[in-house]
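Here the structure is laid out as structure tokens; the discussion comes afterwards.
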Amino acid sequence: MMLVILTERLAQILEWLKSVAGYSVVESNSKALNVSRTQRGKDRPPLDCFPRMNHSLRLAVGQSSSLSELSTQADDCILVDGKNVSFLKLSDLSGDSKKDLCRRLVASNGQDVFLMGISYSEAQSLTNCRDFPKTSSQTLPRCRSYRLRKTQLMADPFDTLSSVVNQVNNKNRTLYFSRHGESEYNVLGKVGGDADLSSRGRQYADCLAEYVNSTLGSIPGFKLWTSCLKRTIQTAKNIKAPQEHMEALNELDTGVCDGLTYEEIAERYPIEFAARDDDKFHYRYPEGESYFDLLLRVQPVLNRLKVEDNVMVIAHQAVLRCLLAALLNKDEKELPYIHTPLHTVMRLSFKPDDGGRHLDLIPLSIECVETHRAKPENCSLTRTAEEALITVPAHF
Ligand code: F6P
């Protein structure tokens, strides 16, 4: 009986995911539901098999009695309550708010609640939850795992609990962003790598430190997050604030194109170059990442940023595009082209009582190269090299 219910529920949910939530769903194998999200470089699906299928989601089914436990371990949840299926963006909430939300769910929905916990990053098993069958792969033999591809940035179509979520976001706060100072690779027009700052990049680091130390450093609780790459750490070096270095903030992995200029990519991999221009958000560099991969990678950082105040993030062009797009509700077409200039502080103010959120760009007037390459008009495979390179910014 339990199996029938679960299978029915799963069918409903998959249908909902396809038709409403913007996922495409591909049946993957006949293991139990408990399938971990593809890990970077580990059990990632072969590129030729799922070139644009960037992750599979872990789904687990729990009974109402384990609701609280499941949802504190999940990033997001799908709630099945009678005939209603709802997507709950738990990733917007801090740990305490999640628990509070669960308490409200339990109180308002009684026993007839099924919750599908979705964990985007944790390989750890949700089946450890109380009440979940210990031998789930034997007891749920007909359940299959599914690869789910999000085809749009998730806007919550079943925003029934938005008031709870909004309580968390409903306060004035300010976040600061900056790219690292100009790097030796930026000067040469190369992508990827782990280059040092150029001499102008080091000047920016000094200027940024002066700006932050004199204006923000005295704010109680002000803190700094950087990637683990040399250029962001060097940029942050003289800033007086607690610092955290996060791999999740490392720049987009450009795979086989690492260390090449756009001109070299266009010459060696013209088809790849055109495919990226055609759909930059979903395009994944061979042996590297797509913007979509990156957006998933930065989710844990985003979750923290959604409740933090007075944090400065020093990261990279593609990473900051993902963070700003998510925080400013930009869509996937805009995201990979958001302008995040070098040597500029980006201040994002949240003022819920006064029109929402506002982004100010504060250039610190140290000269640098431009690294923004606009989408060329012609993205076809038959375009000429000149057409492909028309928007490449100048470099040495
Ligand atoms: O050019 C600097 C850089 O950080 C590269 O390392 C990275 O590949 C690139 O920006 C991302 O920009 P785009 O996605 O526009 O090529």
Side-chain angles (χ1 to χ4, degrees), residues 40 52 54 177-198 200-201 204 226-235 246-270 272-298 313-326 330-344 346 368-377 379 388-396:
R40 263 186 85 207
R52 290 184 178 174
N54 294 300
F177 301 88
S178 169
R179 287 175 67 189
H180 52 80
E182 181 190 76
S183 73
E184 287 172 352
Y185 261 30
N186 292 148
V187 175
L188 300 172
K190 290 172 185 283
V191 302
D194 190 12
D196 289 309
L197 295 183
S198 69
R200 296 191 300 197
Y204 176 72
T226 78
S227 75
C228 292
L229 297 176
K230 283 194 290 188
R231 51 196 188 273
T232 62
I233 294 174
Q234 289 170 3
T235 304
M246 306 175 186
E247 287 203 347
L249 288 173
N250 286 1
E251 182 55 312
L252 181 85
D253 183 346
T254 47
V256 298
C257 295
D258 191 84
L260 301 182
T261 62
Y262 288 127
E263 292 88 339
E264 288 165 338
I265 300 172
E267 195 191 339
R268 287 190 211 178
Y269 305 105
E272 295 289 332
F273 200 54
R276 185 163 199 257
D277 284 342
D278 187 46
D279 183 356
K280 195 174 174 190
F281 180 74
H282 290 110
Y283 172 83
R284 179 188 280 157
Y285 279 105
E287 297 174 32
E289 289 178 303
S290 66
Y291 269 90
F292 184 58
D293 292 330
L294 182 58
L295 188 61
L296 293 174
R297 167 151 67 81
V298 300
V313 180
I314 300 183
H316 306 265
Q317 178 160 248
V319 170
L320 292 184
R321 284 174 176 158
C322 288
L323 298 180
L324 290 173
K330 304 282 184 196
D331 66 27
E332 64 187 49
K333 287 222 165 4
E334 259 184 285
L335 183 155
Y337 294 101
I338 293 176
H339 196 213
T340 55
L342 282 168
H343 297 186
T344 302
M346 290 161 259
C368 57
V369 290
E370 175 58 80
T371 59
H372 185 94
R373 175 175 173 260
K375 182 173 170 124
E377 261 179 40
C379 301
L389 296 173
I390 196 156
T391 58
V392 173
H395 58 85
F396 291 99

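As the structure lists them, so they are numbered: ligands from 1, and atoms in each ligand from 1. Predicted, not measured: the structure shown is a model, and the values here were computed from it. Start at 1 with the first residue, then count along the sequence.
The pair K230-D196 meets the salt-bridge criterion, with a side-chain N (NZ, NE, NH1 or NH2) lying under 4.0 Å from an Asp/Glu carboxylate O. Between D279 and K333, none of the side-chain N atoms (NZ, or NE/NH1/NH2) sits under 4.0 Å from a carboxylate O, so this pair counts as no salt bridge. A salt bridge is absent between R284 and E289: the closest approach of a Lys/Arg side-chain nitrogen to an acidic carboxylate oxygen does not fall below 4.0 angstrom. A salt bridge does not link K375 to D277: none of the charged side-chain nitrogens sits closer than 4.0 Å to a carboxylate oxygen.
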(request) Decide yes or no on side-chain hydrogen bond (donor to acceptor under 3.5 Å, both in side chains) for S198 and E184, but give the supporting numbers first. (result) CA-CA 5 Å; S198 69; E184 287 172 352; over 6 Å; no
(request) Quick one: do E182 and L197 satisfy side-chain contact (heavy atoms from CB on, under 4.5 Å)? Show the steps, please. (result) CA-CA 6 Å; E182 181 190 76; L197 295 183; over 6 Å; no
(message) Please determine whether ring pair (Phe, Tyr, Trp, His ring centres under 6.0 Å) holds for the pair F281 and Y283, giving the CA-CA distance in whole Å, both sets of side-chain angles, and the decisive distance to 0.1 Å.
(response) CA-CA 6 Å; F281 180 74; Y283 172 83; over 10 Å; no
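For ligand 1, none of its N or O atoms has an N or O atom of R231 under 3.5 Å away. Annotation: Y285 places no N or O atom under 3.5 Å from an N or O atom of ligand 1; distance criterion only. Between G192 and ligand 1, a contact under 3.5 Å exists for at least one N or O pair.
Applying the 4.0 Å criterion to heavy atoms of K280 picks out, from ligand 1, the atoms 13 (P), 14 (O), 15 (O). Set against the non-hydrogen atoms of R276, the atoms of ligand 1 under 4.0 Å away are 13 (P), 14 (O), 16 (O). Atoms of ligand 1 lying under 4.0 Å from any heavy atom of T254, numbered from 1 in the order shown and given with element: 8 (O). The distance from ligand 1 to the heavy atoms of Y262 drops below 4.0 Å at these ligand atoms: 12 (O), 13 (P), 15 (O), 16 (O).
A donor-acceptor contact shorter than 3.5 Å is absent between the side chain of T235 and the backbone of I233. Between the side chain of D258 and the backbone N or O of G193 there is at least one donor-acceptor pair closer than 3.5 Å.
Contact analysis leaves Y185 out of contact with ligand 1, as no non-hydrogen atom separation drops below 4.0 angstrom.
Residue R373 does not touch ligand 1, judged by heavy-atom distances below 4.0 Å. At a heavy-atom cutoff of 4.0 Å, ligand 1 is contacted by the side chain of Y291 but not by its backbone. Proximity of V191 to ligand 1, defined as any heavy-atom pair under 4.0 Å, is shared by backbone and side chain alike.
By heavy-atom distance, the residue among E289, E251, R321 lying nearest atom 7 (C) of ligand 1 is E251. Compare Q317, H372, H180 by their heavy atoms: the one nearest to atom 10 (O) of ligand 1 is in Q317.
For atom 2 (C) of ligand 1, the closest non-hydrogen atom on the protein side is N186 ND2, 3.7 Å.
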